[in-house]
Amino acid sequence: MDVSHILDPLNDAQREAVGSPLGAALVLAGAGSGKTRVLVHRIAWLIEVENVSPHSILAVTFTNKAAAEMRGRIETLLGQGVPLWVGTFHGLAHRLLRLHWRDAGLPQAFQILDSEDQMRLLRKVLKSLELDETRWVPREIQWFINAQKDEGHRPKHIKTDDPTRQQMVKIYQAYEEACRRAGVVDFAELLLRAYEIWRDNPGLLEHYRERFRHVLVDEFQDTNAIQYKWLTILASPNGLPFVVGDDDQSIYRWRGARVENLKQYRRDFPKSTLYKLEQNYRSTATILDAANALISHNSGRLGKTLWTAGEAGERIKMYAAFNERDEADFVVNRIRDWVAKGEARRDVAVLYRSNAQSRVFEEAFLNARMPYRVYGGLRFFERAEIKDALAYLRLIASRGDDTSFERVVNYPTRGIGAKTLTLLRDKARASGTSLWLTAEQCVKTELGQKAAEALRNFLLLIERLAAEVQGLELHEQVDHVIQVSGLLDMFKKNRNERGEAQVENLLELVSAARGFTPEGDTEISPLESFLAHAVLESGEGQADPYDDCVQMMTLHSAKGLEFPVVFLTGLEDGLFPHQRSTTELAGLEEERRLCYVGATRAMRQLYISYAEQRRLYGVDTYSQPSRFIAEFPKDLIDEIRPRLRVSRPYHVRPSGTLEESPTPSIRMGCRVRHAKFGDGIVLNFEGNGPQARIQVNFERAGMKWLMLSYANLTVV
DNA sequence: TTATGCGGAATTTTT
DNA sequence: TTCCGCATAA
């Protein structure tokens, strides 16, 4: 058997992992060390060398992009399409639930809620429970519910004496009930149910254990509790899981990811072999040295040091900007120089911690007439007009989908007002059925002439659409629905840019339907398949690779990407690391990993910058350089504009005056003492004269804003 | 039903 | 500053 095409392109460490004997394995793969390559070649190895049937391989990723890339590379390597299951956790869970909807206790045509739909439904639930939304903040409840599901907890499992928590559990329960009535599942529910059907059906579990003996997982450090349970219930006791991850690149703790799963995996599969990929093929030695030094400040690492056979490269350049506009100008000028050398704009990335920072850069790019593209933001299938159209389609597929019902029942307006809807909602909740069924009842009895007429027309419209669409091609169905529902006409009436864009998007939806090929199982209709696709893969928010644009994105969305030139901006304490992450060590360490991820995106040149003064949310804030800057070795950094004034000390006198003064008393970052609150660090201030307010993080009392003139602070 | 204004809050994001 | 949700008015 000639295995050269599998092994030759690999280095020693990669080769060892790829050709490892059948058994559980953990590959710690540093940034830029060929992680995907190892996964892809391992799959090829299993199929071609170990004679494993592709049917018994399950490859799991987190994003659709990663899944698509993996599939593509496998096919290239093997020279043919292979029928193995490759997909995201959610995609695979969805597939299982479609196959076993009865076991899962779901209606056959169940629909999937995206986060926005989930929020809408949750709001309805809160209203029906007559809870005050200022006390029970929907966003927080949503977070609570998802966190519980991510941990694998149903309402009945949550025991608590805390009345607030008890109420949350009640809401969770009511929300679940609302989902059941409507026949919908949210993202977290997909995972939880997929786990539960295995847990509760030994026969089914046995079948899948037999079938998928080879589970390969990418980005293992990003798995949450339920994903881990799902994987391990499948892989125990005889499975051969092959997982790849990097504890230093775990940046999703805040949404339930558990780095500890890497260590837990070692305990749960004690016979697993550990491989480390430390050779980096992306960055210069300078960049790697800096990144290594930075990340070494974290505790409890599994331990890994990136190295390269390549050259040292240029030193890291640091710019201390006067304010955020100065920072943006600096970036623009540097990119100009880069482009003047004949290099491409698309090779440059501007990274920042939070989306709010993008605006200043956009303005600067606009000013400089330099093409740029901002990643993130609304994706195609998340646009309101698209979701409107999809809601009609979803009702056709599943009448019970209350979220969709509410979305379009009076959109375009057809005389079904708040009163009618309130009545419907109350009745539906009382009888435990969907709005659709309730509406069918009410039309006959409960309503006044006019309202009944309007509602009847809506019901007839949907029934009519459902009938007319039968037998049509998918794109014809979509086209028909946007015409007959009146959506298209309604947007056409908006004689402005917005309306034009909406019409264009609806037509684009028709094209998307035309280009859509349902994958795999054909037991659900093309329409249903398309609807699931729209929710689970809300569409690329990606740049057109043919446009030569500077790329702008958050650090989080930069993970997995690489660029010859990277600007790491806004390195200020409070912004990066973000204020809200600095209260506990785990949060701060995650910020540091984020910084590490940012730095390791750079191939040839890394710039870092910060602003001494930044206007954020309409107020000027003055900050200290990020503590991470000091964690990069000094000798790897060139300061571009040696700063004459070290922190441009706007000194704040306790008298309440704000001025530049040579005799500082209170300034950013210094320790102060308050009679009541004790000692703390000055983090921020705003305003002038008697209105001046100062933000202090007290060791005992926490963060406080104080009126400077009353606070009576002394410097410690 | 639709337009306007106020108050409050404001990481990070995929599915 | 900007965005969102809600209440109020037309």
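So you know, we letter chains A, B, ... as the sequences are listed, proteins then strands, and number each from 1. In this text the structure is predicted, and so the values were computed from the model without any measurement.
The CH2 atom of W136(A) sits 21 Å away from the P atom of dG5(C) (whole-angstrom rounding). When the C1' atom of dC3(C) is taken as reference, atom CG of L616(A) falls 14 Å away, rounded to whole Å. Put simply, CE on M490(A) is 14 Å from C1' on dT1(B), counting in whole angstrom units. Straight-line distance from the NE2 atom of H556(A) to the P atom of dT15(B): 15 Å, rounded to whole Å. Here the C1' atom of nucleotide dT14(B) and the CG atom of D218(A) are 14 Å apart, to the nearest Å. Separating the CD atom of E140(A) from the P atom of dT11(B) is a distance of 13 Å, rounded to the nearest angstrom. Whole-Å rounding puts the Q249(A) CD to dT12(B) P distance at 20 Å. Rounded to an integer number of Å, the gap from R593(A) CZ to dT12(B) C1' is 13 Å.
Using cut-offs of 30° and 60° for the angle between ring planes, the W254(A) and Y252(A) rings count as tilted.
With a glycosidic angle more than 90° from 0, dT12(B) adopts the anti conformation.
For an aromatic pair to be called close, the ring centres must be under 6.0 Å apart, and W85(A) with F212(A) satisfies this. With ring centers used as reference points, Y228(A) lies 6.0 Å or more from F89(A).
E591(A) comes within 4.0 angstrom of a base, heavy atoms only. Nucleic acid contact class of S115(A) (heavy atoms, under 4.0 Å, all strands): base. Within 4.0 Å of I416(A), counting heavy atoms only, lie sugar-phosphate atoms of the nucleic acid but no base atom. Residue N355(A) is classed as a sugar-phosphate contact, given heavy-atom separations below 4.0 Å to backbone atoms only. Within the 4.0 angstrom heavy-atom criterion, no nucleotide atom of any strand lies near D186(A).
For the residue pair E591(A)/S581(A), the side-chain donor-acceptor check at 3.5 Å is satisfied. Judged by distance alone, the side chains of H100(A) and Y208(A) do bring a donor and an acceptor atom under 3.5 Å apart.
OP1 or OP2 of dT13(B) has at least one side-chain nitrogen or oxygen of S557(A) nearer than 4.0 Å. Taking 4.0 angstrom as the limit, N64(A) places a side-chain polar atom (N or O) nearer than this to OP1 or OP2 of dT15(B). Considering only side-chain N and O atoms, T88(A) lies nowhere under 4.0 angstrom from the phosphate OP1 or OP2 of dT14(B). The side chain of R379(A) contributes an N or O atom lying less than 4.0 Å from OP1 or OP2 of dT15(B).
Set against dT13(B), dT11(B), dT2(B), the side chain of T413(A) has dT2(B) as its closest nucleotide. Minimum atom distance to the side chain of H578(A) is reached by dT11(B), of the listed dT13(B), dT1(C), dT11(B). Closest approach to the R123(A) side chain among dG5(C), dT14(B), dT11(B) is made by dG5(C) (side chain taken as heavy atoms from C-beta onward). Each of dT1(C), dT15(B), dT1(B) was ranked by its minimum atom distance to the side chain of N410(A); first place goes to dT1(B). Of the candidate nucleotides dT13(B), dT15(B), dT11(B), dT11(B) has the atom nearest to the side chain of Y617(A).
A residue-by-residue look at A418(A) and L594(A) shows that A418(A) has its nearest nucleotide of DNA chain B further toward the 5' end. If you find the closest nucleotide of DNA chain B to G415(A) and to R255(A), the one lying nearer the 5' end belongs to G415(A).
In this structure, W254(A) does not count as stacked on the base of dT11(B) under the 5.5 Å centre distance and 30° plane angle limits. Judged by ring centres under 5.5 Å apart and planes tilted less than 30 degrees, H90(A) fails to stack against the six-membered base ring of dT15(B).
In this structure, CG in L234(A) is found 9.0 Å from CG in L96(A), a value given to the nearest 0.5 Å.
To the nearest whole angstrom, the two P atoms, one in dT13(B) and one in dC4(C), are 16 Å apart.
Looking at heavy atoms from C-beta onward, L487(A) lies in side-chain contact with Y411(A) at the 4.5 angstrom threshold.
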